Structures are given as C-alpha cells and as structure tokens.
Amino acid sequence: ELLEEITIYPFTKAQLKVILVVIRKTYGWRKKKAQISYGLISCLTGLDKRYVKKIVAGLIKDKVLIKEKLNATNVLGLNKSYPQWMLWITLNRGVSEDTHVVS
C-alpha cells in the first residue's frame, strides 16, 4: 500500500531518496518514528546536508513527512494519511487551469 502511494506521486529523485531513508530507519526497524539527523540522511543518500534540510522541510510542508523535536534531534516519520499529502497542490501553484486543457 505504501509503495503504491509513493509511486503515484511525482517525487523528485532527491525527495524519493530521503523518503526511502526515512522508511528504512522507521519501518525497517518496526518503528513509526525515529531519530534521524540531516547528516545521516546526507551520508545515506549522497546529497548535500543543506539540500537534505531543504528537501525535508518541503516534505514536511507538503505533509508527506512528520517531524518532532527531541532535544536537538529530529524525530521523523512518514505520514501514512496519504490524502493529507499536499504535493499535488504545491506542484500546481501558479499554474493556470487552462494549461491542463488538451486540444
């Protein structure tokens, strides 16, 4: 079910890498949330740490990821309420409706 929902969303390659790390560090260890640093995500994905922070912030804004703070550590998890994901809205911001018309 989870993979089906992920495959229908137009995630970028970098977003998908981050999501897969979160899945591995949570569900891979039978947890819903886990302490995952930006540095760890950077090491596991090969992405720059600053870029990882930007991607995570965007995925949180789009309600794909859930973030809590535990002291100075990020606790991340995947939002399994897929209808709440806002990525489609974010992608369509600023796009007029007539651009979707097929002639």
Side-chain angles (χ1 to χ4, degrees):
E1 172 191 335
L2 174 61
L3 289 177
E4 288 173 7
E5 291 297 326
I6 289 172
T7 57
I8 63 172
Y9 270 77
F11 292 115
T12 65
K13 183 178 176 182
Q15 287 172 324
L16 192 54
K17 284 181 171 188
V18 170
I19 290 167
L20 290 174
V21 167
V22 172
I23 290 170
R24 174 67 182 112
K25 293 297 179 183
T26 55
Y27 296 118
W29 292 94
R30 295 185 174 98
K31 298 190 272 183
K32 291 184 179 187
K33 300 175 193 168
Q35 293 181 9
I36 309 169
S37 69
Y38 296 128
L40 178 62
I41 295 171
S42 176
C43 287
L44 295 174
T45 60
L47 300 170
D48 181 76
K49 185 177 174 180
R50 290 170 295 195
Y51 189 46
V52 166
K53 287 177 86 170
K54 183 178 176 181
I55 292 168
V56 169
L59 290 170
I60 291 166
K61 182 179 177 184
D62 291 334
K63 299 184 180 182
V64 175
L65 294 181
I66 299 168
K67 177 182 168 185
E68 298 171 1
K69 279 293 210 183
L70 180 61
N71 299 322
T73 309
N74 296 320
V75 177
L76 296 174
L78 190 69
N79 178 8
K80 286 192 69 180
S81 297
Y82 314 120
Q84 293 179 0
W85 291 5
M86 304 289 289
L87 190 59
W88 291 113
I89 294 168
T90 302
L91 289 172
N92 290 325
R93 281 189 192 131
V95 176
S96 65
E97 289 186 33
D98 59 5
T99 59
H100 299 291
V101 176
V102 178
S103 42

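Since the model is a prediction, treat every value here as computed from it, not as a measurement. FYI, side chains are in, hydrogens and waters are out, and symmetry mates aren't considered; it's all heavy atoms of this structure.
With rounding to the nearest 0.5 Å, the separation of OG1 in Thr12 from CD1 in Ile19 is 8.0 Å. In this structure, Leu59 CG and Asn79 CG are separated by 11.0 Å, a value rounded to the nearest 0.5 Å.
Contact check for Thr73 versus Lys69: no side-chain heavy atoms found under the 4.5 Å cut-off. Counting heavy atoms from C-beta on, the side chains of Val22 and Val56 never come closer than 4.5 Å. Using a 4.5 Å heavy-atom cutoff, the side chains of Tyr9 and Gln15 are not in contact. Put simply, the side chain of Arg50 does not reach to within 4.5 Å of the side chain of Tyr38, judged on heavy atoms. By the 4.5 Å heavy-atom criterion applied to side chains, Leu47 and Ile41 are not counted as neighbours.
For the pair Thr45 and Lys17, the tightest heavy-atom approach, listed with the atom from each and the gap, is O-NZ, 3.3 Å. Annotation for Ile66 and Leu78: closest pair CD1-O, 4.3 Å, computed over non-hydrogen atoms. Contact record, Leu16 with Phe11: N-CB, 4.3 Å, taken as the closest heavy-atom pair. The shortest non-hydrogen separation linking Lys32 to Thr26 is O-CG2, 3.9 Å. What you find for Leu70 and Gln35 is that their closest heavy atoms are CD2-NE2, 2.8 Å.
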Check the pair Ile23 / Ile6 against side-chain contact (heavy atoms from CB on, under 4.5 Å), numbers first and verdict last.
CA-CA 11 Å; Ile23 290 170; Ile6 289 172; 3.6 Å; yes

In sequence, state the C-alpha distance, the side-chain angles, and the governing distance for Lys67 and Val75, and then conclude on side-chain contact (heavy atoms from CB on, under 4.5 Å).
CA-CA 6 Å; Lys67 177 182 168 185; Val75 177; over 6 Å; no

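For the pair Asp62 (side chain) and Val64 (backbone), a donor-acceptor distance under 3.5 Å is absent. Remark: the backbone N or O of Gln84 is not paired with any side-chain donor or acceptor of Ser81 at under 3.5 angstrom. Between the side chain of Glu5 and the main chain of Leu2, no donor-acceptor pair closer than 3.5 Å is present. Between the side chain of Trp85 and the backbone N or O of Leu65 there is no donor-acceptor pair closer than 3.5 Å.
A cation-pi geometry, defined here as NZ or CZ lying under 6.0 Å from the six-membered ring centre and within 45° of its normal, holds between Lys80 and Tyr27.
Annotation: Tyr82, atom OH; neighbour count of heavy atoms from other residues, nucleotides and ligands within 6.0 Å is above 12.
Legend: residues meeting side chain to side chain donor-acceptor pair (under 3.5 Å) with Glu68, ordered by chain and number and at least two apart, are Lys33. In this structure Ser42 satisfies the side-chain contact (heavy atoms from CB on, under 4.5 Å) test together with Lys49, Val52, sequence neighbours excluded.
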